[in-house]
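Quick note on labels: first sequence line is chain A, next is B, and so on, each numbered from 1.
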2 protein chains.
Amino acid sequence: MKKANTPSRRRGDLMSPACPSRDVLKHLTSRWGILAVVALQGGSTLRFGELRRAIGGVSERMLAHTLQLLEGDGMVERIAHPVVPPHVEYRLTPLGREAATRLRGLAEWIEGSLPRFQKVWKEQGSADRLAR
Amino acid sequence: MKKANTPSRRRGDLMSPACPSRDVLKHLTSRWGILAVVALQGGSTLRFGELRRAIGGVSERMLAHTLQLLEGDGMVERIAHPVVPPHVEYRLTPLGREAATRLRGLAEWIEGSLPRFQKVWKEQGSADRLAR
DNA sequence: TTACATTCCGTAAGTACCTACAAAAAAGTA
DNA sequence: TACTTTTTTGTAGGTACTTACGGAATGTAA
């Protein structure tokens with residue numbers, strides 16, 4: 001007897017252009033996706049405004065949009081309290097917490113390696129390429 | 001008395017809008033940045049064309065551009081042989097290999113978790129949001 | 001001579017992103 | 001009444017990203 005043919009159980013392949021896993025990658029590594037997940041990392045629940053202040057430079061528009069993408073991927077849970085000045089909280093789901101582990105590792109490595117990057121930038125005058 | 005002001009030795013802070021570490025994050029998590037680093041992971045040297053074939057869907061233009069950014073950050077080394085049909089090889093630097101470790105972890109987690117994402121997408125009809 | 005190979009850079013054109021601004025909701029306060 | 005609060009959405013406008021296409025280089029093959 002053959003195994004059940006359930007494509008939904010198959011592993012993704014990021015090197016294939018049409019693989020849905022590329023969407024997840026896109027959402028997670030969008031400009032604000034990583035920062036949102038990292039900011040929520042730690043299990044704490046954050047209000048929209050708190051999250052916005054935690055992530056420097058993000059506009060309300062983009063934060064809301066980014067959170068919707070992550071919610072759509074089941075990595076962020078949105079808890080809206082039906083009060084009148086809206087009160088909305090966000091927190092990571094178990095799936096989101098797994099992603100956060102990897103992203104936090106990347107984020108901390110970048111932060112800790114900044115001196116080395118600055119050394120590289122200084123040694124090879126590559127400011128022109130990096131300016132943008 | 002204030003502390004010594006040596007910004008070049010200070011750790012980065014991704015939550016600060018003006019921190020240079022955001023540039024590194026941007027380059028690494030650009031659409032093709034992660035895939036290029038992951039494709040080069042393993043220490044092997046790859047020619048431009050091989051790399052292009054390994055990463056499905058990338059145009060020559062964008063691959064060259066992405067590699068320049070990563071080279072500017074000291075994560076990719078470009079070895080050009082002065083022959084006439086151009087022969088160029090790429091490989092990760094030690095810094096790039098450190099990044100690759102984190103990115104590979106993220107990539108493999110996404111690939112392995114795809115079934116769970118597909119389950120989420122199916123349960124909550126969020127196809128509209130993810131379509132793009 | 002013509003065609004081909006390989007990598008990269010212009011240019012133009014289209015698409016997607018991002019920001020700023022304003023609006024909406026309903027109850028509480030002055 | 002007028003104003004405040006918090007979150008989200010709509011719009012317009014600009015910026016950045018992406019792709020497609022052509023060109024350059026120069027030995028070798030047809």
Would you mind reading off the distance between [X] atom [atom1] and [N] atom [atom2], rounded to a whole angstrom?
X     : N      : atom1 : atom2 : answer
B:E60 : D:dG22 : CD    : P     : 13 Å
A:R47 : D:dT8  : CZ    : P     : 10 Å
B:E89 : C:dT7  : CD    : P     : 9 Å
B:H65 : C:dC8  : NE2   : C1'   : 13 Å
A:H87 : D:dT8  : NE2   : C1'   : 15 Å
B:H81 : D:dT26 : NE2   : C1'   : 18 Å
A:R78 : D:dT7  : CZ    : P     : 10 Å
A:R53 : D:dT7  : CZ    : C1'   : 12 Å

Item to check | Side-chain heavy-atom pair A:D73, A:L28 within 4.5 angstrom cut-off | outcome: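 Result no, sub-4.5 Å side-chain heavy-atom pair not found.
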
Checklist entry - Can you check whether A:R102 reaches B:R102 side chain to side chain, under 4.5 Å on heavy atoms? => result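 A side-chain contact under 4.5 Å is absent here.
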
Item to check | A:Q68 side-chain N/O to D:dT8 phosphate OP1/OP2 under 4.0 Å | outcome: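 No, outside the criterion.
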
Next on the checklist: Less than 4.0 angstrom between a side-chain N/O of B:R52 and OP1 or OP2 of C:dT6, yes or no?
Outcome noted: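 Answer is no, no contact under 4.0 Å.
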
Item to check | 5' priority, DNA chain C, between A:M62 and B:E50 [closest heavy atom] | outcome: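 Its nucleotide being nearer the 5' end, the pick is B:E50.
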
Checklist outcome for this item: A correct 5'-to-3' footprint of nucleotides 25-30 of chain C, with B, S and - meaning base, sugar-phosphate only and no protein heavy atom under 4.0 Å, is -BS---

Looking only at non-hydrogen atoms, find the nearest pair between [X] and [Y] and report the distance.
X     : Y      : answer
A:V24 : A:M75  : CG1-CE, 4.4 Å
A:G74 : A:L95  : O-CB, 3.7 Å
A:T29 : A:I34  : CA-CG1, 4.0 Å
A:V38 : A:A107 : CG2-CB, 4.3 Å

Checklist entry - What residue pairs, at least two apart or across chains, pass ring pair (Phe, Tyr, Trp, His ring centres under 6.0 Å) with a residue in residues 97-117 of chain B? => result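 Matches after skipping sequence neighbours: B:W109-B:F117.
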
Checklist entry - Under the criterion side chain to side chain contact (heavy atoms under 4.5 Å, CB included), which of A:L63, A:I79, A:L70, A:V76 is the partner of A:Y90? => result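 That would be A:V76.
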
Item to check | Nearest-0.5 Å distance that lies between atom CZ in A:R10 and atom CD in B:Q118 | outcome: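 A:R10 CZ to B:Q118 CD: 8.5 Å, rounded to 0.5 Å.
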
When you get a sec, tell me which of [options] is the closest nucleotide to the side chain of [X]?
X     : options              : value
B:K26 : D:dT9, D:dT7, D:dC17 : D:dC17
A:R61 : D:dT9, C:dC9, C:dC8  : D:dT9
A:R31 : C:dC8, C:dC18, D:dT7 : C:dC18

Item to check | End-to-end axis angle, where each axis spans five pairs of the helix from C:dT1-D:dA30 to C:dA30-D:dT1, to 10° | outcome: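 Here the local axes at opposite ends form an angle of 30°.
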
